[in-house]
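A short write-up of the structure that comes next.
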Amino acid sequence: RLRKWQERIRTKDAGERNLQFALSETDRMASSLAIPRSVREVACVIYRRALDEDLIRGRSIEGVATSTLYAACRMEGIPRSLEEVAAVSRVERKEIGRTYRYVAQELNLEMEPVNPKKYVPRFCSELELSEEVQVKANEIIDTTTEKGLLSGKSPTGYAAAAIYAASLLCNEKKTQREVSDVAQVTEVTIRNRYQEQIEAMGIHE
Amino acid sequence: MTDPKDTINIENVVASTGIGQELDLQSVAMDLEGADYDPEQFPGLVYRTQNPKSAALIFRSGKIVCTGAKSTDDVHESLRIVFDKLRELQIQVNEDPEIVVQNIVTSADLGRNLNLNAIAIGLGLENIEYEPEQFPGLVYRLDEPEVVALLFGSGKLVITGGKKPVDAEHAVDKIVSRLEDLGLLE
DNA sequence: GCTTTAAAAAGTAAAGT
DNA sequence: ACTTTACTTTGCAAAGC
């Protein structure tokens, strides 16, 4: 029983040391993604829960840290895509996605699917588009979603297409290349979603 | 309206069996034309049948996995071919070794588009996995029958994990009634 | 955990014409 | 732009690392 007790202490100490590393990594990634401190704190709370529930075993600390940061951004309504978090993490996108799904399931985070509208303010500001374009893009997303176009589609690609369409309608045109760069999706995806959306909106141009 | 059960199609059947005898895969690989054997990469020898189409994984222990068949009958027919091929190599194989179906993959069509967002929330976020950023299908795990269903926006679905063809029928019935109860089908 | 095999669903991506 | 190829997800067995 003494051995077990010592083992627990050792495990706990190791966990605490790893927690320090995880928190510094979360801070580093959050800084380069310009994620607010309040969201970093949420990420740390989720990481602590994952640690307490022993979900780190068999997974890399950095992978769990990246996943919890990704989850926290979604929970706080300012999502970063897996592409974006993967760009500042040393863990690849596929692993981040798998770890996120595992953690979300085990901790019962009950995450709702990302609403593409959540990406509109940030993408539009990076593209220096006006408030008018944002309003129009949101309108396109709402209307086409009601018509059932969103099922199965990537939120970033969906938002990117709506922003591209809105920029045209508001005479503030951005090229598909410019939008694809900030949204981290290909021009082909923007083209496909754009065609569906303007058709559903009944726009001819 | 067509019953979604009538749209069920078996796409793949995985089964296991064995000839109860150790094999020298190196020599089997030499004598069996079309056999792929790379023990460094994978311990099993791969042998493909053409009619019916399937892939058999043959192991040193004499155990065999058959995959890719479109029906349970095709599994038996494919394995009969594999057994005969082994007999041609002077390997003793019993009359009809026991064949156990391990997994059946089926596809089906509900005939209506689905609002996956509403379904994810309606069926309960704790039971569903829907991450369109990672995969376009919604993952729905059933308890009875114990299978996993992938639902798509088109209304098409994939059911896997079942061991009998009827599992897919029961699963489709349950999915349809659950979606109808939630008013999400139509 | 990974390795290999098969097949479907639909979205996304990349490479070649 | 269009086609082809390929990768994402689910389920399962096999033997071995």
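Below, chain A is the first sequence line, B the second, and so on; all start at residue 1. What you are looking at is a predicted structure, and each value in this text was computed from that prediction instead of being measured.
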Reading DNA chain D from 5' onward, which residue's closest nucleotide shows up sooner: B:R141 or B:F59? B:R141
DNA chain D nearest-nucleotide lookup for A:R101 and B:E146: closer to the 5′ end is A:R101
Apply side chain to side chain donor-acceptor pair (under 3.5 Å) to the pair B:S16 and B:Q102, showing each step before the final yes or no. CA-CA 7 Å; B:S16 59; B:Q102 302 287 356; 2.7 Å; yes
Under 4.0 Å, heavy atoms only, any strand: does [X] hit a base, just the sugar-phosphate, or nothing?
| X | result |
| --- | --- |
| A:G152 | sugar-phosphate |
| B:S107 | nothing |
| B:T106 | nothing |
| A:R93 | nothing |
| B:V13 | nothing |
| B:V105 | base |
| B:S54 | nothing |
| A:R98 | sugar-phosphate |

How do B:G155 and B:Q41 order along DNA chain C: which one's closest nucleotide is nearer the 5' end? B:Q41
If you pin B:G153 and B:G68 to their nearest nucleotides in DNA chain C, which one's is more 5'? B:G68
Side-chain atoms of B:V148 come closest, of D:dG11, D:dT8, D:dC12, to D:dG11
Which nucleotide wins on minimum distance to the side chain of B:R60, given the candidates D:dG11, D:dA14, D:dG16? D:dG16
Please give, in whole Å, the distance from [N] [atom2] to [X] [atom1]?
| X | N | atom1 | atom2 | answer |
| --- | --- | --- | --- | --- |
| B:I159 | D:dC12 | CD1 | P | 15 Å |
| A:Y102 | D:dT10 | OH | P | 14 Å |
| B:L79 | D:dA13 | CG | C1' | 12 Å |
| A:R191 | D:dT3 | CZ | C1' | 15 Å |
| B:L116 | D:dT10 | CG | P | 16 Å |
| A:I96 | D:dT8 | CD1 | P | 15 Å |
| B:E40 | D:dA15 | CD | P | 18 Å |
| B:F152 | D:dT8 | CZ | C1' | 10 Å |

Cation-pi geometry met for A:R59 and A:Y102 (6.0 Å, 45°): yes
Rounded to whole angstrom, note down the [atom1] distance from [N] over to [M].
| N | M | atom1 | result |
| --- | --- | --- | --- |
| D:dC2 | C:dA8 | C1' | 25 Å |
| D:dA1 | C:dA9 | C1' | 26 Å |
| C:dC2 | D:dT8 | P | 11 Å |

The salt bridge (charged side-chain N to carboxylate O under 4.0 Å, His left out) partners of B:R87 (sequence neighbours excluded) come to B:D84
Keeping [X] on the side-chain end and [Y] on the backbone end, is there a donor-acceptor pair under 3.5 Å?
| X | Y | value |
| --- | --- | --- |
| A:Q197 | A:Y158 | yes |
| A:T189 | A:V185 | no |
| A:T66 | A:S89 | no |

Opposite nucleotide pairing with D:dA15, Watson-Crick or G-U, both atom distances under 3.5 Å: C:dT3
Which one is paired to D:dT3, where only Watson-Crick or G-U wobble pairs with both distances under 3.5 angstrom count? C:dA15
Span of DNA chain C in contact with chain A (heavy atoms, under 4.0 Å): C:dC2 to C:dA14
Partners passing side-chain hydrogen bond (donor to acceptor under 3.5 Å, both in side chains) against A:E25 (at least two apart in sequence or in another chain): A:R28
Are the side chains of B:E33 and B:Y47 in touch, meaning some heavy atoms are under 4.5 Å apart? no
Exactly one of A:N138, A:T145, A:D142 clears side chain to side chain donor-acceptor pair (under 3.5 Å) with A:K117, and that residue is A:D142
